[in-house]
Peer 1: 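Below: one structure in structure tokens.
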Amino acid sequence: MRPAPQQPSQEMPEPTPSAGAIPSPEADILAALGTRLVVLVGMMGAGKSTIGRRLAARLHLPFLDADAEIEAAAGMTIPEIFEIHGEPHFRDGEARVIARLLESGPAVLATGGGSFMREETRRRVNDKAISIWLKADADIIMRRVKRRADRPLLQTADPVATVGRLIDEREPVYRHADLTIASRDVPHEKIVEECIEALYGRLCGEVAPPEAAAGIMGGLR
């Protein structure tokens, strides 16, 4: 019998045994999550989508990308939404899409850099998810985004100054996330492993091993 078709907007991992079948940190995290999501927040270029896909695969959960869902709902790209309707219109739509995704059951959700700035969205994330801030320095962000033209907020005369301003504005809010992981130039799987260890410590009451201390900055709520 062929498996039922998946929703096109979700990236589903291969089927695996149930969470209780094989003891593992991932199985324990899944059991503790219940119907909650893991939500990644942070600046553009912090690696939320890249890490999110790999984290979802490790946890055998669907991966959701808020920006991709917004574009699908609007029928246009995010730069087009900014150009035609402006940022306030985009932010309203972004909040509605994220609210819908947070009702979709356990998954890993990557959010846009500005979404966590809205108090309503932070409350919803607090109620429905465990949040991880991927904290990236300005130089890393610029190296990752400088060749991309799909960042409306960086279409300025001085993108470096813009990134610095956004970091100053947003980091005090990002600190409200449950966990913080340093996004840096190391193999992606190392960041994913640190996310797993931090989630296990948060959800299962275990202290993360010492080797993860350099990358895990702890829960901040």
Side-chain angles (χ1 to χ4, degrees), residues 4-15 19 26 29-82 85 87-134 150-153 170 173-174 176-181 183 191-192 195-196 198-199 202-203 221:
Q6 302 165 3
Q7 295 183 9
S9 60
Q10 296 185 356
E11 298 179 21
M12 298 288 293
E14 291 297 319
E26 291 86 351
I29 289 168
L30 282 176
L33 270 178
T35 61
R36 290 177 291 178
L37 292 81
V38 176
V39 172
L40 302 181
V41 305
M43 285 286 292
M44 65 186 84
K48 299 184 296 293
S49 295
T50 301
I51 299 302
R53 287 188 183 91
R54 289 166 170 77
L55 181 59
R58 281 285 299 273
L59 294 173
H60 309 297
L61 289 174
F63 171 71
L64 304 169
D65 188 295
D67 285 351
E69 296 284 343
I70 292 164
E71 291 183 336
M76 62 181 71
T77 66
I78 289 175
E80 288 171 340
I81 299 172
F82 267 75
H85 299 291
E87 184 175 0
H89 177 90
F90 168 77
R91 295 301 177 192
D92 289 342
E94 177 181 55
R96 290 192 298 270
V97 167
I98 290 176
R100 169 173 59 82
L101 295 175
L102 288 170
E103 298 294 334
S104 65
V108 175
L109 170 62
T111 61
S115 62
F116 205 60
M117 300 299 290
R118 183 172 287 221
E119 184 179 358
E120 172 192 4
T121 296
R122 292 198 302 277
R123 286 200 305 267
R124 292 180 185 275
V125 170
N126 179 61
D127 290 341
K128 299 288 185 179
I130 298 296
S131 52
I132 299 176
W133 171 25
L134 292 183
D150 61 345
R151 308 287 186 177
L153 294 181
R170 292 176 176 180
V173 178
Y174 291 155
H176 290 284
D178 295 307
L179 300 163
T180 302
I181 300 292
S183 178
I191 304 295
V192 173
C195 289
I196 293 288
L199 286 167
R202 176 80 181 193
L203 294 169
R221 181 172 300 155

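Numbers here simply count residues along the sequence, with the first being 1. Note that the coordinates shown come from a computational prediction; the quantities given were computed from them, not determined experimentally.
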Peer 1: Quick one: does L55's side chain get under 4.5 Å of L61's, heavy atoms only?
Peer 2: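 Not in contact.
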Peer 1: Which atom names give the shortest non-hydrogen contact between P106 and P62, and what distance separates them?
Peer 2: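 What the structure gives for the nearest pair is O-CD, 3.6 Å.
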Peer 1: With distance as the sole test, does Y174 use its side chain to make a donor-acceptor pair with the main-chain N or O of G113 at under 3.5 Å?
Peer 2: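 Yes; judged by distance alone, with no hydrogens or angles, the pair exists.
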Peer 1: What closest approach, in Å, do I130 and D178 show between heavy atoms, and which atom pair accounts for it?
Peer 2: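 In this case the closest contact between I130 and D178 is CA-OD2, 3.4 Å.
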Peer 1: What is the minimum heavy-atom distance between S131 and A177, and which atoms define it?
Peer 2: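 So the minimum-distance heavy-atom pair works out to OG-CA, 3.3 Å.
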Peer 1: Show the nearest heavy-atom pair for residues A74 and I81, with the distance to one decimal.
Peer 2: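 Looking at all heavy atoms of both residues, the shortest contact is CB-CD1, 3.7 Å.
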Peer 1: Taking the side chain as every heavy atom from C-beta outward, state whether R58 and L199 have any atom pair closer than 4.5 Å.
Peer 2: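 Heavy-atom side-chain distance check fails, nothing below 4.5 Å.
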Peer 1: Quick one: do I78 and F90 satisfy side chain to side chain contact (heavy atoms under 4.5 Å, CB included)? Show the steps, please.
Peer 2: CA-CA 8 Å; I78 289 175; F90 168 77; 3.8 Å; yes
Peer 1: Working to the nearest 0.5 Å, report the span between CG of L109 and CG of D65.
Peer 2: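 Here the rounded value is 8.0 Å.
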Peer 1: Can you tell me how far apart CG (L134) and CG (L179) are? Round to the nearest 0.5 Å.
Peer 2: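 Here the interatomic distance stands at 10.5 Å.
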Peer 1: Which residues satisfy the side chain to side chain contact (heavy atoms under 4.5 Å, CB included) test with E103, sequence neighbours excluded?
Peer 2: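 K128.
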Peer 1: One pair to check against side chain to side chain contact (heavy atoms under 4.5 Å, CB included): R124 and D127. What are the steps and the verdict?
Peer 2: CA-CA 5 Å; R124 292 180 185 275; D127 290 341; 5.8 Å; no
Peer 1: Excluding sequence neighbours, so at least two apart, what forms side chain to side chain contact (heavy atoms under 4.5 Å, CB included) with T121?
Peer 2: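 Here the qualifying residues are A95, I98, R118, V125.
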Peer 1: Rounded to the nearest 0.5 Å, what's the gap from CD on E120 to OG on S115? Could you check?
Peer 2: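 The CD atom of E120 sits 12.0 Å away from the OG atom of S115.
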Peer 1: Can I51 and S183 be said to form a side chain to side chain contact (heavy atoms under 4.5 Å, CB included), step by step?
Peer 2: CA-CA 9 Å; I51 299 302; S183 178; 5.9 Å; no
Peer 1: Which atom pair, heavy atoms only, marks the closest approach of E94 to G112?
Peer 2: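 Result for this residue pair: OE2-CA, 4.1 Å.
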Peer 1: List, one per line, each side-chain donor-acceptor pair under 3.5 Å for residues 37-48, sequence neighbours excluded.
Peer 2:
from	atom 1	to	atom 2	distance (Å)
K48	NZ	G42	O	2.9
K48	NZ	M43	O	2.9

Peer 1: After noting the C-alpha distance and the side-chain angles of R54 and T50, does the key distance pass the side chain to side chain contact (heavy atoms under 4.5 Å, CB included) rule?
Peer 2: CA-CA 7 Å; R54 289 166 170 77; T50 301; 3.2 Å; yes
Peer 1: How long is the gap from CZ on R100 to CG on L64, to the nearest 0.5 Å?
Peer 2: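 Spacing of CZ (R100) from CG (L64) equals 9.0 Å.
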Peer 1: Do R96 and D92 come close enough that some side-chain heavy atom pair is under 4.5 Å?
Peer 2: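 Contact flag for R96/D92 side chains = yes.
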Peer 1: May I ask you to decide if M117's main-chain N or O and R122's side chain share a donor-acceptor pair within less than 3.5 Å?
Peer 2: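 Checked: pair present.
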Peer 1: Please round to the nearest 0.5 Å and tell me the distance separating atom CZ of R170 and atom CZ of F116.
Peer 2: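 Separation between the atoms: 12.5 Å.
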Peer 1: Nearest 0.5 Å, please: how far is CD1 in I70 from CZ in R91?
Peer 2: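 The CZ atom of R91 sits 8.5 Å away from the CD1 atom of I70.
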Peer 1: Do you know the tightest heavy-atom contact between S49 and F63?
Peer 2: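 For S49 versus F63, the nearest heavy atoms are O-CZ, 3.7 Å.
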